[in-house]
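First the proteins, then the strands, lettered A, B, ... as listed; each starts at 1.
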Amino acid sequence: MNPDQLSETIVDVLQALVADGAITLPDGVPTQVTVERPRQKGHGDYATNVALQLAKRVQIGGQGTNPRAFADLVAERLRAADGVAEVEVAGPGFLNVTVEAGAQGQVAADVVAAGEAYGSSDAFAGEKINLEFVSANPTGPLHLGGVRWAAVGDALGRIFEKTGADVTREYYFNDHGAQIDRFSSSLLASAKGEPAPEDGYGGQYIHDIAAAVVERRPDVKELDDAQAQEVFREVGVDMMFEEIKKSLHDFGVDFDVYFHEKSLHDSGAVERAIERLTEMGNTYEADGALWLRTEQYGDDKDRVIIRSNGTPAYISGDLGYYLDKRERGFDRCFIMLGADHHGYVGRMNAMCSAFGDEPGKNLEILIGQMVNLLRDGEPMRMSKRAGTVVTIDDLVDAIGVDASRYALARYHSDSPIDIDLDLWSRATNDNPVFTVQYAHARVSSLMRNAADLGVSAASHPELLTHEKEGELLRALAEFPRVVKAAAELREPHRVARYLEELAGTYHRFYDSCRVLPRGDEETSDLHRARLMLVDATRVVLANGLDLLGVSAPERM
RNA sequence: GCCCCCGUAGCUCAGCUGGAUAGAGCGAGUCACUUCUAAUGACUGGGCCGCAGGUUCGAAUCCUGCCGGGGGCGCCA
């Protein structure tokens, strides 16, 4: 019996009560009820607050009732349900449910049978989801802000896939415009041995790329500055972008679509978007420019989409891009941005409304707060001008891909994080990724020993009656709900926190429940049943780590 | 000035989308290894959940106002 099954059982009880005329529920019976694991020992295996939630609406014999009386009524029927051992009414009207050992022990076999599929659901089945993240312009190596979303965005994609969605990961970049001009003029300056221009980019990578461009295109030295800069632009952007892609690939993140801003203008998507918005009466001309009426959709003010000099403003690309995504059939478009871009949220949501769509549904903008790296307790400061950018490679070189991805995905993206490089490279249990990976290695080791002894797992759910076995079973049963909540709330960190809790629960089980026979002890059904539980733990740890893009090592 | 995010144990943070006596890890103290990986576990101490109101059976959670910290507010991209 897992929480979802218990919820169904309770719903069945409510329906039976209604069918028998024992109660009336004017709004109908809910399709599911809240089932939680009580924090407090002595409150049963699971608790539900249905009676408290429904007491106001429920009527018994045409009369209103109070939560306790209603709870008593539900408890009486629930006690008779399959898999339920005991029901207690407590406090203001909570129902504390103790599950029969056999029903609970079944979870282990169910998990093992499901294997890699365990944790999946159809919560987002049939949804076409577009995740746009990182989207850094190719003017330098990927810096920390982008890396946070690489880890979190990819994990979110994996979580959505686990809940049945059809996910496309997308990277949007522009290969023209002022930033790219500054990049290419910086390359040119470097090649000529001159200092970086004002507003230019500094740093060793500029010199490296400038040299590489010269090597690939020796003729660049013969050209005048304007032509040379064009070559640096073309070749340099290409090289920079390849480097970013490679860094991301090594980080375990690959995109399905790399979208060029330029293609929107070439394909006419921008014009189509503007036409559409104009037809809907959401644009107007003023001061020689074309404006979008974003203010009436909640933005601070209206936005220019075509400047008075006739060139499209940056937002025009966003208009075309959004329309293009919608035309490609994405009902849910996510854009993940750094905190320094939160000013976009208002105008982007307004744009979404201007198209007649629903912000928060068709378009969701997620904001990730700042990331700082701490080395010896001191923050590593960044400066683009000086070229002291902290990059994805700095992070990975310091603590590795697994720790990097875990550290970035472990926190709510709304909170700023400091990543202590010393902590995250330590092989001790104050390093969270280590704790979880170690638990997996420990489980794997036990499975190997079992194989050596010729002990194989078998399902004997009724034998898993130890308190620590129950706790572990309930933790394992929780996984699908955690994945679902992570998807619904767009919070991958829930998976990481859950895995840490599971690791602890496993260690406690391991400490008090001997799994394998000692010495010449006979192998019993309890040994085999516990081995099944251990295997189930292995499955969940591995599946959970996979959702975060972190490896599950068998030895450490 | 306006907007967004944050404020929970000495530290780093969770808190199951309003539930019961507020949780974990680290750090501090005590204890347990003829080990299935002790890279672990058990126990102890530690809190006006920033402050003040409000909403209700019930608030760390929702609303309002303050205080403190971080970030952002271009016909830049």
Measure from the side chain of [X], starting at C-beta and using heavy atoms only, and say which of [options] lies closest.
X        : options             : value
A/His342 : B/G41, B/C76, B/C4  : B/C4
A/Ala90  : B/A20, B/A42, B/A39 : B/A20
A/Arg508 : B/G41, B/G70, B/C26 : B/G41
A/Tyr438 : B/U37, B/U12, B/C76 : B/U37
A/Asp414 : B/A14, B/C6, B/G41  : B/C6

Taking atom [atom1] in both [N] and [M], compute the distance separating them and give it to the nearest angstrom.
N     : M     : atom1 : value
B/U21 : B/G25 : P     : 23 Å
B/G19 : B/G58 : P     : 14 Å
B/C73 : B/C16 : C1'   : 36 Å
B/C51 : B/G10 : C1'   : 22 Å
B/A59 : B/U8  : C1'   : 14 Å
B/G50 : B/C11 : P     : 14 Å
B/G46 : B/U61 : C1'   : 24 Å
B/U34 : B/U44 : P     : 25 Å

Mind listing the closest non-hydrogen atom pair of A/Ala69 and A/Asn66 along with its distance?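 That closest heavy-atom pairing would be N-OD1, 2.9 Å.
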N/O donor-acceptor pair, side chain A/Ser415 with base B/C6, under 3.5 angstrom: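 Flag unset: no donor-acceptor pair detected.
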Does [X] reach a base, just sugar-phosphate, or nothing at all? Heavy atoms under 4.0 Å.
X        : value
A/Ala289 : base
A/Asp418 : nothing
A/Asn49  : base
A/Asp300 : nothing
A/Tyr498 : nothing
A/Asn431 : nothing
A/Gln437 : nothing
A/His43  : base
A/Ala47  : base
A/Arg494 : sugar-phosphate

A/Tyr258 ring center within less than 6.0 Å of A/Phe173 ring center: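 Ring centroids of A/Phe173 and A/Tyr258 are no less than 6.0 Å from each other.
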Indicate whether the side chain of [X] and that of [Y] have a donor and an acceptor atom separated by less than 3.5 Å.
X        : Y        : result
A/Ser185 : A/Gln229 : no
A/Tyr297 : A/Asn282 : yes
A/Asp430 : A/Thr428 : yes

Residue mapping more 5' on RNA chain B - nearest nucleotide basis, A/Trp291 or A/Gln369: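 Nearest-nucleotide comparison on RNA chain B picks A/Gln369.
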With nearest nucleotide decided by heavy atoms, which residue, A/Ala178 or A/Arg448, maps closer to the 5′ end of RNA chain B?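 Counting from the 5' end, the first nearest nucleotide belongs to A/Arg448.
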Can you check whether [X] has a side-chain N or O nearer than 4.0 Å to OP1 or OP2 of [N]?
X        : N     : result
A/Lys301 : B/C75 : yes
A/Thr428 : B/G25 : no
A/His341 : B/C3  : no
A/Asn449 : B/U37 : yes
A/Arg307 : B/G74 : no

According to the Watson-Crick and G-U wobble definitions, with both distances under 3.5 Å, which nucleotide is paired to [N]?
N     : value
B/A60 : none
B/U37 : none
B/C13 : B/G23
B/G29 : B/C43
B/G65 : B/C51
B/C2  : B/G72

Cationic tip of A/Arg497 above A/Tyr411 ring, under 6.0 Å, 45° of axis: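 The answer is yes; both the distance and angle limits are met.
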State which residue, out of A/Tyr322, A/Tyr171, A/Tyr321, fulfils the ring pair (Phe, Tyr, Trp, His ring centres under 6.0 Å) condition with A/Phe259.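 Filter result, single survivor: A/Tyr321.
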Rounded interatomic separation in angstrom, taking [atom1] from [X] and [atom2] from [N]:
X        : N     : atom1 : atom2 : value
A/Ile365 : B/G71 : CD1   : C1'   : 17 Å
A/Leu54  : B/G19 : CG    : C1'   : 15 Å
A/Arg497 : B/A14 : CZ    : P     : 5 Å
A/Leu337 : B/C5  : CG    : C1'   : 14 Å
A/Arg347 : B/G74 : CZ    : P     : 7 Å
A/Leu421 : B/U12 : CG    : C1'   : 15 Å
A/Asn372 : B/C5  : CG    : P     : 20 Å
A/Ile315 : B/C76 : CD1   : C1'   : 13 Å

Under 30°, 30 to 60°, or over 60°: which ring-plane class applies to A/Phe241 and A/His260, parallel, tilted or perpendicular?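 If you compare the ring of A/Phe241 with that of A/His260, the planes turn out perpendicular.
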Using nucleotides 57-63 of chain B, report all nitrogen or oxygen pairs with the protein that are shorter than 3.5 Å.
| from | atom 1 | to | atom 2 | distance (Å) |
| --- | --- | --- | --- | --- |
| B/C57 | OP1 | A/Lys56 | NZ | 2.8 |

In a check of side chain to side chain donor-acceptor pair (under 3.5 Å) between A/Arg474 and each of A/Asn2, A/Asp45, A/Thr505, which one passes?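 Looking at A/Asn2, A/Asp45, A/Thr505, the match for A/Arg474 under the side chain to side chain donor-acceptor pair (under 3.5 Å) is A/Asp45.
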Just wondering, more than 12 heavy atoms not from A/Glu488 lying within 6.0 Å of its CD?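 For A/Glu488, atom CD is crowded (more than 12 foreign heavy atoms under 6.0 Å).
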Exceeds 12 heavy-atom contacts within 6.0 angstrom, atom CZ of A/Arg514: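 Yes.
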Face-to-face stacking of A/Phe94 with B/G19, centres under 5.5 angstrom, angle under 30°: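 The ring of A/Phe94 is not stacked on B/G19.
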Does the side chain of A/Ile417 come within less than 4.5 Å of A/Leu408's, by heavy atoms?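 Side-chain contact under 4.5 Å: yes.
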